[in-house]
Amino acid sequence: MGEGLTKAAARNIFYGGSLFFFLLFAALTVHSHWYIVNVSTDREGFTESVKLGKEVWEEHSCINCHTILGEGGYFAPELGNVWTRFGGRENPEGARAALAGWMRAMPTRSPGRRQMPYFDINDEEMDALIDFLEWTDRIDTQGWPPHPSG
Amino acid sequence: MKYETQKVALPFFAVAMALFALQIVFGILAATVYVVPEFLAEAMPFHIMRMSHTNLLLVWLLIAFMGCTYYLLPEETETDIHSPMIAYVQLGIFAFAGAAALIGYQFEIHGGRHYLEQPLWVKILITVSFLMFLYNTSLTLLKGRKTAISMVLMLGLWLAAIFWLFAFYNPANLALDKLYWWWIVHIWVEGVWELIMASLLGYLLIKMTGVDREIIEKWLYVIVGLALFSGLLGTGHHYYWIGTPAYWQPIGSIFSTLEVVPFFAMLVFAFYMFWKGSRNHPNKAAMLWTLGCAAMAFFGAGVWGFMHTLSWINFYSHGTQVTAAHGHLAFYGAYVMLVLGVITYAMPQMRRVQPYNQILNMWAFWVMTSAMAFMTFTLTFAGVVQTHLQRVLGMRFMEIQAQLDVFYAMRLGAGVAMAIGVVLFLYAIFGPAREQVPATANVAADAD
């Protein structure tokens, strides 16, 4: 460590620099917040049902097995684009029925396959959960994931 | 041990180590499910095991940080802890909250943001306990000598508490939720916890190498400066694909690459001070953990983090087993080894004996560290294969996972080895003390 740098100088650089970078980070976060609300997520489609759907998603802690936008448990498939993967962009009604049917058919009990538990989700919650997944699928994620496979 | 109230640390260490052991149990259960998918599928589904595993890690690390602080503070400030009673009460509250959360999880009582699954009232209890801890330690600091080590440590703890408050903010907009979730998770482990880490390393190095405090503390400020200069904007590497603006790709790539620098600095720091130091401290095991921590943190947090941090690489690797590999080695290297080092250093003094069971302790070091390194390799290979099949070729997730069985089986083996290491460590620390001081040691344990 250079003799030129005193401990007091090192301390001042630490406090001053950290404050500078924190303020920069905070300012960019404020802008990102604005960008998310107004640009990258569907503001009009952000219905009460989508919000309820996120609560259902959290109630069953889906994220501890699945990932959503790449974050979560890595144990089960990515769900940020599950709406696309189930063909929801072409056939919304079909995708909705398929997703609900899939979840209700759990656990598959097929030997050697990871088992998703059966979750007690009523019709309103199921609709909301699927609305949430559909809304999430529309988030502008800079082109991620590279393939529909998630 | 010069101050009677340093003993406050002992129950913190004991509780932390019990929860550490429990964390490994849940880890092995979850790793078993990867190999035998039907294992406990109905009794304890995977998501419950995983949240138990990750929550136990966070809770025991926080309790251990508190213990380290209570141990270090009297020596640094040259005054006794303000109130041992507050310390015991806040430990009781924290341990109760953690245990309640853990038991609740087994009955599916939990939230749904990972790592923050604790029910609201548990979060409130954790906050109360943390504030009592900060009150107690800050008053101690205020009435005593204010060294750089104690100042940086307390700053890290205060900031950890402040950023924790984001746990109470859960926007309904998923992208916003993620934006602020990282204000806790990233800012903790790749930001303010590094302040805690660097100051505890600095403390251990002063005590065990005998290098002049002025030199150590100057390094300390440089390291924590590098950590926050890179780490704050380095949060950008989590903001690539979650609905955040595109400018995070260059910002996140550049600054998170720079996050390697403070870890490299800590590596150089630890080994340079060890080499430069004149003192031949008898606690060889603690020195081994100290150097090992700096080394494994550099590989786990630094190298393994850098491996997938550039946005154009992360585009393919994001959310695969590569992340799991990095997470395991980074937490183990940076924080677990650090705490085990402080415990190894402090326990002989609290038990008022010469450093004991050192050979067993060093066995534990090598078993645990090799196990975690091996686990990291298996998950890295699994992650690379997964990345190629899923993100380049576009194969389906479940189809790919079936091809990764061999890696998951080896990971389970590594987990079992880790458990053996933990048992050895716990026995070395809490078991009957057999004095083992190398003949070459020239300084008595209490000489510092």
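Below, chains carry the letters A, B, ... as their sequence lines are ordered, and counting in each starts from 1.
- Within a 6.0 Å sphere centred on CZ of B:Arg396, other residues, nucleotides and ligands contribute 12 heavy atoms or fewer.
- Annotation: maximal heavy-atom pairing with chain A below 4.5 Å, among B:Pro171, B:Gly319, B:Gly243, B:Ala324, occurs at B:Gly243.
- Side chain of A:Ser40 to main chain of B:Thr244: no donor-acceptor pair is present (N/O by atom type, distance under 3.5 Å, no hydrogens or angles).
- For the side chain to side chain donor-acceptor pair (under 3.5 Å) criterion with A:Asn64, the lone passing option out of B:His110, B:Arg50, B:Arg113, B:His53 is B:Arg50.
- Minimum heavy-atom separation, A:Ala10 to B:Val222: CB-CG2, 4.2 Å.
- Interface check for chain A: of the options B:Val224, B:Thr323, B:Ile251, the most heavy-atom pairs under 4.5 Å are formed by B:Val224.
- Only the side chain of B:Tyr180 comes within less than 4.5 Å of a heavy atom of chain A; its backbone N, CA, C and O stay farther away.
- Judged purely by atom type and a 3.5 angstrom limit, B:Trp241 has no side-chain atom pairing as donor or acceptor with the backbone of A:Thr141.
- Residue B:Leu116 does not touch chain A at all, counting heavy-atom pairs closer than 4.5 Å.
- Contact annotation for B:Met51: both backbone and side-chain heavy atoms come within less than 4.5 Å of a heavy atom of chain A.
- Between A:Trp144 and B:Asn314, the closest heavy-atom pair is NE1-O, 4.4 Å.
- When heavy atoms are compared at a cutoff of 4.5 Å, B:Ile242 approaches chain A by way of both its backbone and its side chain.
- When ring centroids are compared, B:His47 and A:Phe119 come within the 6.0 Å threshold.
- Within the 4.5 angstrom heavy-atom criterion, only side-chain atoms of A:Tyr35, from C-beta onward, approach chain B.
- Although no hydrogens or angles enter the test, the distance criterion places no donor-acceptor pair under 3.5 Å between the side chain of B:His318 and the main chain of A:Pro145.
- With a 4.5 Å cut-off on non-hydrogen atoms, A:Phe75 touches chain B through its backbone and its side chain both.
- Taking each heavy atom of A:Phe21 and B:Leu233 in turn, the nearest pair found is CD2-CD1, 3.7 Å.
- Residues B:Lys218 and A:Thr6 come closest through the heavy atom pair CD-C, 3.7 Å.
- At a 4.5 Å heavy-atom cutoff, the contact between A:Phe132 and chain B is made by side-chain atoms alone.
- Proximity to chain B (any heavy atom under 4.5 Å) is restricted, for A:Glu59, to the backbone atoms N, CA, C and O.
- A 4.5 Å side-chain heavy-atom check between A:Thr29 and B:Thr235 finds every atom pair outside the cut-off.
- Pairing each heavy atom of B:Asp177 with each of A:Glu58, the nearest pair is OD2-OE2, 3.9 Å.
- Top candidate by heavy-atom pairs under 4.5 Å with chain A, chosen from B:Glu399, B:Glu108, B:Gln401, is B:Gln401.
- Of all non-hydrogen atoms in A:Tyr74 and B:Phe397, the two that sit nearest each other are O-CZ, 3.6 Å.
- Here A:Ser61 contributes atom OG and B:His114 contributes atom NE2; the two are 9.5 Å apart, rounded to the nearest 0.5 Å.
- B:Ile109 does not touch chain A: none of its heavy atoms, backbone or side chain, sits under 4.5 Å away.
- Contacts between B:Tyr408 and chain A at a heavy-atom distance below 4.5 Å involve the side chain alone, from C-beta outward.
- When heavy atoms are compared at a cutoff of 4.5 Å, A:Ala9 does not approach chain B at all.
- With a 4.5 angstrom heavy-atom cutoff, B:Phe269 does not touch chain A via any of its atoms.
- In this structure, chain A has no heavy atom under 4.5 Å from any part of B:Leu220.
- Rounded to the nearest 0.5 Å, atoms NZ (A:Lys54) and CG (B:Asn173) are 8.0 Å apart.
- Contacts with chain A were tallied for B:Ala175, B:Ala246, B:Pro245; B:Pro245 has the most, counting heavy-atom pairs under 4.5 Å.
- A:Ile13 touches chain B through backbone and side chain together, each having a heavy atom under 4.5 Å away.
- With a threshold of 4.5 angstrom between heavy atoms, B:Gln249 approaches chain A through side-chain atoms but not through N, CA, C or O.
- Neither the backbone nor the side chain of A:Phe20 comes within less than 4.5 Å of any heavy atom in chain B.
- The contact between A:Thr41 and chain B is made entirely by side chain atoms (from C-beta outward), counting heavy-atom distances below 4.5 Å.
- If you measure heavy-atom distances from B:Phe255 to chain A, the contacts under 4.5 Å come from the side chain alone.
- Within 6.0 Å of CE in B:Met151 there are 12 or fewer heavy atoms belonging to other residues, nucleotides or ligands.
- Residues of residues 103-117 of chain A lying under 4.5 angstrom from chain B, judged on non-hydrogen atoms, are A:Pro107, A:Arg109, A:Ser110, A:Pro111, A:Gly112, A:Arg113, A:Arg114, A:Gln115, A:Pro117 by number.
- Per-residue heavy-atom pair counts under 4.5 Å with chain A were compared for B:Tyr115, B:Phe229, B:Tyr316, and the maximum is reached by B:Phe229.
- Going from atom CD1 of B:Ile215 over to atom NZ of A:Lys7 covers 11.0 Å, rounded to the nearest 0.5 Å.
- Only the side chain of B:Glu42 comes within contact range of chain A, judged by heavy atoms closer than 4.5 Å.
- At a 4.5 Å heavy-atom cutoff, B:Ser230 makes no contact with chain A through either its backbone or its side chain.
- With 3.5 Å as the limit, one finds a donor-acceptor pair spanning the side chains of A:Ser32 and B:Tyr247.
- Chain A forms more heavy-atom pairs under 4.5 Å with one residue of B:Trp248, B:Phe39, B:Tyr239 than with any other, namely B:Trp248.
- Contacts between A:His66 and chain B at a heavy-atom distance below 4.5 Å are absent for every atom of the residue.
- Note that the CZ atom of A:Arg11 and the CD atom of B:Glu217 stand 10.5 Å from one another [nearest 0.5 Å].
- Interface remark: B:Gln321 contributes side-chain atoms only to the contact with chain A (heavy atom separation under 4.5 Å).
- Within the 4.5 Å cutoff, the side chain of A:Phe22 has no heavy atoms near those of the B:Leu228 side chain.
- B:Met49 does not touch chain A: none of its heavy atoms, backbone or side chain, sits under 4.5 Å away.
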